[in-house]
Structure formats: structure tokens, C-alpha cells
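Have a look at the structure below before the remarks.
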Amino acid sequence: MASSLHFLLLFSSLLYNFSIYQAKPFNPTDGLIFHVKKDVSTLQYVTEIHIGTPLLLSKLAVDLGGPFPWFNCAPSSSSRLVNKRSIQCLAAKPKTHQYQGSNKKCHIFTENRITQIAIQGDLVEDITAINQVTDGSKTGSKSITTVDYNFQFSCAPMLLLYGLASGAKGMLGLGRTQMSMTSQISAQLSSKLQFIICLSSSNGVVLHENGHRSSNFRTKIPDSMIYTPLVNQVETPHEYVINLKSIKISGKKLSLGIEEGKIKLSTIVPYTTMESSIYATFTKAYEQAATSMNITRVSPVAPFGQCFSSRENDGTLVGPKVPAIDLVLQSEMVKWRIHGRNSMVQVSDEVMCLGFLDGGLNLKTSMVIGGYQLEDTLLHFDVGASRLGFTQQSCSVLRLDSAFKDTL
């Protein structure tokens, strides 16, 4: 029975991807791109997308680990409810797909993962216009137009919008599922399941390109990119998780009491959170390292637990001159280094705070790397190969800033 179900899901996935691609062939030199900007009030990362007929502009919060996109739907003449007996419905919820009852709608469990409010939504297909990026010349210049496709998403009630950035109409799920926007776009591009994300306060991007030789996807991936395996989590298979071997501060390894931990990457958590015991060890060691550099500790400023004076800190090209933090991943040779610009949050002219928070005792992973620590870090999610590439790099390396001067 289990093998039959596995075969059905595999066949459904292949047929679903084939049907999407056949619906509208894609120019192999093109890619799709979302411009991302940080909302100053909520610290969420938001993008824009056009949906329906007529096309209406909708602001969405970017959810890296979200299982699928969802919106508070507006009336649209091109909208179509997905039938509960369809391949798309099976792909959206393979473990709970049922045929009972007379209602033909595909009901799908939909969650605002920021507020953790969840409610039943309807799986819908509609026209969606996304920015298309086209190679303009051999020098890498770009032109931007929009391209229309049919995408599936959950049509959710107004209740779920509570807690989102002002004006946001839903969330753009990029997680490791068949129904995420990432998977649907890869099917449209007939490409490898991969994308690039680079967050910043103003000019971040999520970029999908097909990766063919004629595309310059690879030119955006620096030689300094370091790769680490993505870990499969049984409880949350849609999340992006990597291994954690140890943590070092100023080159000194911390005694965390764990042989191996897990790190989740998130765009909906503003600052990195740690399991309480790890946080206690981490902040104690950080204070010692900061004191040895003559950095003065001051009273904490909420929500941060540890703050320092920035009056006599001249700073460097990678932010304030503070202890470097190394996250040692699958081996001592693979380290994610966090410099001052990603570790310290300037809360006033004279005070900077360590941008790491106590996440309590019930975290499902040892750490959750939040948006602030991801900023100005070029991330290559090679989902098909189950690996993550990362390197500290300004988002301007993508050379797409000027294309968005009139957006958001």
C-alpha cells in the first residue's frame, strides 16, 4: 500500500509539472524575480505580485519555509477552484487527501506562520504576473517585463492577515513542497529546483533562473560560495534546515553540551533565536570576548538581552569591530562567519545590541537564523541537490537594483 501511494505521488508530481510547463513554454534565457524590501514596522520582508483578472497588485510577506503561497483573494474572472480529486489537490496535501462528501472544493490547511493562526482555505488557480528578467547583453545588463502564468495558491480569509506588514494580502511560501512558489516556478521554467535569495533593507531579491548554459545564473554565484547539505526534518519537511556541529566566538569553541544540533533558516523571524541553554552559554562567552576587546557592556534594550557601547567603536568594512561568530556546520572546514554588521543592531547613536535572542526551551532546532543575520548574505538554495550555498555579499552583486527603482 505504501509503495503504491509513493508511486501515485511520484506520478502525480511528474504529470503536474508536465501539465504546467506545457501550458505555456518559457524562454530558456529568462528568469523570474521578486524584488524584496524590509518593512520597518514589522521587520518582515515583503514583495509584490499581480494576481487575477483584472490583474491586481498584492503585497506579500516572504516566508522562506512556507509550504505554499496564500492570499486573501479578490474577485477575479479567471479564478478557478481546484477540484479535490485533482492531481494538484493531492500534491497540496498528500497525507490528508480525501474524497468523501459532495463538496468538490480542495480544502487546504492554511497558516499565518508569523501569528501561528491557521484556518481552512480553498486551493485556487489563477493568472499571476511576475517580473521576468531577460539578458540584455553580454555585459549582464537586464530588462524587466512581466509574464503571466497560472499558479495554485490557497484562498484564505481576512482573519489570516492579522500580524502581517501593513497592506500585505498574504504570504509567499518558498518551502520544500510541490506546491511552494519555488516548485511551481521551477516547473514553469522546466528547470532545476533552485533559487537565489539575498535580503537587505531596500534592494533584496528572490531570483529564479533556469540554469541553462545560455542563462547567467552561475555568474551570480561567486567562487567564494560555501555549500552545506540541507537536512530533512520529519516534523517540518517544508523548512530549510542545516547541521550545526559547534559555535565559535573569536575562534574559541563553546561547550554547548550537544554533539550535533540543527539550524533552521527563516525570513519570518527578525533575529536569530537560540535554545535557552545554548543562548546562556553563547552570551556569557560573547561578553567575555567583547570585554577582552575593550568593548563596554551597557544596560540591555528590549528585545535584546546584551548591549554594548558603540561610542568608541570605529567599525570596519563588515560592520562594528566586535567578536566574530562562527557557526561550524558539517565539518571544521565549513563555517558560516557572522561579522558585526549581522551580529550587532544599532539601537541608538551610542548603543548597539547583540542581535540574538533567547528562544526558550521548546525550539524544534538548536537555532533559528533570522532575517537580520541573513541580510547581505547571498544564499543559493539548490533544492534539487539538497544543499545550501552561502557567502557574505551585497545584494547589488546581482546587478538588478536599477531595474526596480519604480517598484515597492
Side-chain angles (χ1 to χ4, degrees), residues 9 12-13 15-17 19-20 32 34 36 44-52 58-74 76 79-84 86-98 105-128 130 149-157 159-161 164 168-189 193-195 197 206 208 232-233 235-241 264-268 381 383-384:
L9 291 176
S12 299
S13 175
L15 184 59
Y16 169 57
N17 290 348
S19 65
I20 290 180
L32 298 181
F34 298 92
V36 179
Q44 295 167 21
Y45 298 90
V46 297
T47 188
E48 291 179 341
I49 194 170
H50 289 82
I51 307 167
S58 293
K59 183 188 291 186
L60 306 175
V62 177
D63 183 2
L64 179 61
F68 48 80
W70 63 264
F71 311 93
N72 177 240
C73 301
S76 168
S79 176
R80 183 181 68 84
L81 285 167
V82 175
N83 191 286
K84 68 180 182 181
S86 68
I87 292 172
Q88 293 92 331
C89 189
L90 181 61
K93 50 175 189 176
K95 293 183 179 180
T96 60
H97 188 61
Q98 299 178 357
K105 295 181 181 179
C106 178
H107 298 306
I108 184 169
F109 183 79
T110 306
E111 181 182 13
N112 178 330
R113 294 184 349 113
I114 295 173
T115 61
Q116 297 184 338
I117 297 174
I119 200 166
Q120 179 177 280
D122 296 327
L123 190 62
V124 171
E125 181 177 87
D126 206 347
I127 291 174
T128 308
I130 303 175
Y149 282 105
N150 286 327
F151 284 103
Q152 287 77 42
F153 52 87
S154 175
C155 192
L159 171 65
L160 282 193
L161 301 185
L164 295 185
K169 298 298 183 182
M171 303 187 77
L172 188 73
L174 302 175
R176 301 173 72 183
T177 69
Q178 292 183 44
M179 292 302 296
S180 73
M181 185 59 79
T182 296
S183 293
Q184 293 192 57
I185 287 177
S186 295
Q188 297 281 19
L189 297 176
L193 187 52
Q194 65 175 354
F195 63 99
I197 187 170
V206 177
H208 295 79
N232 294 319
Q233 291 278 94
E235 294 183 356
T236 54
H238 48 85
E239 300 277 13
Y240 293 98
V241 179
K264 181 176 78 173
L265 280 67
S266 175
T267 56
I268 59 174
F381 290 87
V383 187

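Under the 3.5 Å distance criterion, the side-chain polar atoms of Ser183 are left unmatched by any main-chain donor or acceptor of Ser180. Looking at Thr236, its side chain never comes within 3.5 Å of a backbone N or O of His238 through a donor-acceptor pair. At distances below 3.5 Å, not a single donor-acceptor pair connects side-chain atoms of Ser76 with backbone N or O atoms of Gly52. When atom types are taken as modelled, the side chain of Ser154 and the backbone of Thr110 share no donor-acceptor pair closer than 3.5 angstrom.
By the 4.5 Å heavy-atom criterion applied to side chains, Glu239 and Gln233 are not counted as neighbours. Under the 4.5 Å side-chain criterion, counting only non-hydrogen atoms from C-beta, Phe151 is not in contact with Asp126. In this structure, the side chains of Leu60 and Met171 stay at 4.5 Å or more apart for every pair of heavy atoms. Residues Leu123 and Met179 meet the side-chain proximity criterion, which asks for heavy atoms closer than 4.5 Å. Two residues are said to be in side-chain contact when any heavy atoms from C-beta on lie closer than 4.5 Å; Leu265 and Leu64 meet this criterion. Between Gln178 and Pro67 there is no side-chain heavy-atom pair separated by less than 4.5 Å. Residues Gln152 and Gln184 meet the side-chain proximity criterion, which asks for heavy atoms closer than 4.5 Å. Counting heavy atoms from C-beta outward, Asp63 and Leu172 have side chains that stay 4.5 Å or more apart.
Heavy atoms only, all atoms of each residue included: Asn72 and Ala156 are closest at ND2-O, 3.1 Å. Here the closest non-hydrogen pair linking Cys89 and Ser86 is N-OG, 3.1 Å. Nearest heavy-atom pair across Arg80 and Gln88 is NH2-NE2, 4.5 Å. Scanning both residues, Gly170 and Leu164, for their nearest heavy atoms gives O-CD1, 3.7 Å.
Under 3.5 Å, the side chains of Arg176 and Asn232 contain a donor-acceptor pair of N or O atoms.
We find the CD-CG distance between Gln188 and Asn150 to be 8.0 Å, quoted to the nearest 0.5 Å. Atoms CG and NZ, from Leu90 and Lys84 in turn, are 13.5 Å apart once rounded to the nearest 0.5 Å. The distance from the CZ atom of Phe109 to the CZ atom of Phe68 is 8.5 Å, given to the nearest 0.5 Å. Taking OG1 of Thr128 as the reference point, atom CD1 of Ile130 lies at 6.0 Å (rounded to 0.5 Å). Taking CG from Leu32 and OG from Ser186, the interatomic distance works out to 9.5 Å, rounded to the nearest 0.5 Å.
Scored by the side chain to side chain contact (heavy atoms under 4.5 Å, CB included) test, Thr115 finds Asn112, Ile117, Tyr162 as partners (sequence neighbours excluded). Residues satisfying the side-chain hydrogen bond (donor to acceptor under 3.5 Å, both in side chains) test with Gln44, not counting sequence neighbours, are none.
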TODO: Start with the C-alpha gap between Leu81 and Asp122, add the side-chain angles, then the distance that decides, and say whether side-chain contact (heavy atoms from CB on, under 4.5 Å) holds.
DONE: CA-CA 7 Å; Leu81 285 167; Asp122 296 327; 3.9 Å; yes
TODO: Before giving the answer on side-chain contact (heavy atoms from CB on, under 4.5 Å), spell out for Ile49 and Ile51 the whole-Å C-alpha distance, their side-chain angles and the decisive distance to 0.1 Å.
DONE: CA-CA 6 Å; Ile49 194 170; Ile51 307 167; 3.9 Å; yes
Open item on the list: Val124 vs Val82, test: side-chain contact (heavy atoms from CB on, under 4.5 Å). Steps then yes/no.
Closed with: CA-CA 5 Å; Val124 171; Val82 175; 5.7 Å; no
Task: Pair Phe153-Phe71, side-chain contact (heavy atoms from CB on, under 4.5 Å): steps then yes or no - done: CA-CA 7 Å; Phe153 52 87; Phe71 311 93; 3.0 Å; yes
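Checked for salt-bridge contact, Glu48 and Lys59 miss the test: no charged N lies under 4.0 Å from a carboxylate O.
The aromatic rings of Phe195 and Tyr240 sit perpendicular, their planes meeting at an angle over 60°, well past the 30° parallel limit.
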